[in-house]
Amino acid sequence: MTVRVRIAPSPTGPLHIGTARTALFNYLFARREGGTFILRMEDTDVARSTIEYEKDILDSLHWLGIDWDEGLEVAGMPAKGPYGPYRQMQRLDRYAAVAQTLLAEDKAYYCYCTQEELAADRMAQQAAHQPPHYVGRCAHLTPEEQRAKKAQGRKPVIRFRVGEGVVAFDDIVRGRVEIDTTALGGDLIIVRSDGTPLYHFSVCVDDVDMAITHVIRGEDHLSNTPKHILLFRALGAEVPQFAHLPLILNPDRTKMSKRKSQTAVADYRAQGFIPEAFVNFLALLGWSSGTEEEIFTLDELAQRFELSSVHSAGAVFDRERLEWLNGQWIRKLSDEELVERCLPFLMHDLEKVRDEGGVVHMPTTEDLRPLVPIIRERLPMLAAIGPLVDFLFVEEVTVEPDMLIPKRWDAAAAADALKAARGVIAKVGEVSFEADELEAPLRALAEERGWKAGDLFMAIRVAVTGRTATPPLFDTLVALGYERSLQRLDAARETLDALAA
RNA sequence: GCCGCAUUCGUCUAGAGGCCCAGGACACCGCCCUCUCAAGGCGGAGAUCACCGGUUCGAAUCCGGUAUGCGGUACCA
């Protein structure tokens, strides 16, 4: 039997970290087993679903490198696979037909209870310290009773008969799980009064229709699994294997939520995390290779992934670790890749400067390429590119006068130092402006005047970049160029002079 | 409340009866490197393996209970 797995997001929000991780594990399992990975859209919650969210989900999955063998149309390509449509709203007829079959077999029935009746039931149960459940008022209505209720204008829902007994299954990550049907809350609604199917029902119908062999999903569905098993049986289908993944948690160990964490994959992308790192990180949330290696490409993960070695305890989303991994992966990028991926982030920052009235030169990949060696190990995220090199592309830097003055100096001393440094730099530049040529004479200057070289360098650094943390000074000066370096030194000295006066 | 699942350094985890008075990684601290920031190297601190009982010559590993946490309990998915 060939493995068929699926991810079934609902477009009621941007792609969530948890959904992405579930998608990843399904994908890895399919790759590893030579199976088929299917993408289906669960869009029956019409009130909350939007096309924008759907687009975000598809884009984000694509960004992560998780592509599907079967399912929704991708980037202009038609839907793939013989089991479509893969969008639940296009399968409504199918659910209705299956519901009718269940009705005909008396595995389900029409329920005419009103919201008020149900609420009253719940209240009474609560008062009696009973678990909330459907009392079965409509479970055995005679045709006359049905007609009477209908005559009152009530729109029925369809409920599935849950029955009695214990449902047991062997979860691939958790082992044997047994749940008594009395814990299920009574006969469950499978079709709303407006005729649309509910999640528990549609998911089973789809899984049967799409011949899903393994249901790999979040632990939050563990308690729902008996309902699904009962439905699979009622449908006369083989029950798939289940694997319930540990939840991804907020730092306070509750289920990861928008309120407490950043949950949208797109947000991480926007901050300059790269997919290689993100996928690597996600894979290590709840799974480990069993070795001490932890840097893996998607392909390497697919080679090693074992569903049975997935953990069962929840995992806190540790952003620091993500950033570390991201840095690791950024350092592995080729020069070309790095330049290409950084450029949009730099442009974004510079556009902001321009919008605020600054004069900027928009960088090209050629501008960035020579900078690679000095930025590569300074980027925990691509978005860190701006503060690192933006001074190269703005007409004028804004310099905090305070930052220009090293701790043991005053304004006059700093002005003096910058003036002297300007002289040295100007002289070097007359011949050739190279990083190697600059260091020695500037150090000599510091020694001659009795300054700490670090103090001198810091004053120059701030004068030229406006920042205290930059790539190495001499590389920075060279990148800036001879003329502009001197100009900025002069400008800084002037502000210092004004301060000293 | 009821049902279910879980519990190894702050975090991610290794560990499937003796190799473990518990290993790795992130974060943290120190040192080295060093013009700042990083990166890198070296070292350190950090877990009575939730607790209590049991099985066993021997338990983080098996069993039972307790506690705590989380999840589920919708005409949401």
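Letters A, B, ... mirror the listed sequences (proteins, then strands); counts begin at 1. This structure is a prediction, so every number in the text was calculated from the model and none was measured. What you see below is based on every heavy atom in this structure, not just the backbone, and it leaves out hydrogens, waters and symmetry mates.
Screening A/V191, A/D187, A/L231 for a side chain to side chain contact (heavy atoms under 4.5 Å, CB included) with A/F160, the sole residue that qualifies is A/L231. When each of A/N224, A/T225, A/N26 is paired with A/R217, the side-chain hydrogen bond (donor to acceptor under 3.5 Å, both in side chains) condition holds for A/T225 and for no other.
Atom C1' of nucleotide B/C12 and atom CZ of A/R21 are separated by 12 Å, given to the nearest angstrom. Going from atom CG of A/L285 over to atom C1' of B/C26 covers 12 Å, rounded to whole Å.
A gap of 15 Å separates the P atoms of B/G23 and B/A16, to the nearest Å. B/G40 sits 27 Å from B/A47 when the P atoms are compared, rounded to a whole Å. Separation of the P atoms belonging to B/G24 and B/G46 is 14 Å when rounded to the nearest angstrom. Comparing B/C42 with B/A6, their P atoms sit 39 Å apart, to the nearest whole Å. Rounded to the nearest Å, the gap between the P atom of B/C57 and that of B/G65 is 24 Å.
Across all strands, A/G286 comes closer than 4.0 Å only to sugar-phosphate atoms, never to a base (heavy-atom distances).
The distance between the ring centers of A/Y268 and A/F278 falls below 6.0 angstrom. Ring-centre distance between A/H221 and A/Y199: below the 6.0 Å cut-off.
Using N1 to N3 plus N6-O4 or O6-N4 for Watson-Crick, or N1-O2 and O6-N3 for G-U wobble, each under 3.5 Å, B/C19 pairs with nothing. In a base pair of the Watson-Crick type (N1 to N3 plus N6-O4 or O6-N4) or a G-U wobble (N1-O2 and O6-N3), with each distance short of 3.5 Å, B/C51 is matched with B/G65.
Using a 4.0 Å cut-off between a side-chain N of Lys or Arg and a carboxylate O of Asp or Glu, A/R40 and A/D207 qualify as a salt bridge. Electrostatic pairing of A/D206 and A/R6 does not count as a salt bridge here, judged by no charged N lying under 4.0 Å from a carboxylate O.
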Please table the atom pairs, donor to acceptor, closer than 3.5 Å between any side-chain atom in residues 7-23 of chain A and protein atoms at least two apart or in another chain.
{"unit_1": "A/R21", "atom_1": "NH1", "unit_2": "A/L285", "atom_2": "O", "d": "2.7"}
{"unit_1": "A/R21", "atom_1": "NH2", "unit_2": "A/P246", "atom_2": "O", "d": "2.2"}
{"unit_1": "A/T22", "atom_1": "OG1", "unit_2": "A/G18", "atom_2": "O", "d": "3.0"}

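For A/R321, the side-chain atoms get nearest to B/A25 when compared with the rest of B/A25, B/C5, B/G23.
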### Task
Summarise protein proximity over nucleotides 69-77 of chain B in one line of letters, 5' to 3': B for base, S for sugar-phosphate only, - for none, counting protein heavy atoms closer than 4.0 Å.
-SBS--BBB
### Task
Would you mind building the protein contact string for nucleotides 28-40 of chain B? One character per nucleotide, 5' to 3', B for base within reach (heavy atoms under 4.0 Å), S for sugar-phosphate only, - for untouched.
-------BBBBSS
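Heavy-atom neighbours of A/Q126 CD from other residues, nucleotides or ligands within 6.0 Å: at or below the threshold of 12.
A cation-pi arrangement is present between A/R159 and A/Y134 under the rule of less than 6.0 angstrom and at most 45 degrees off the ring axis.
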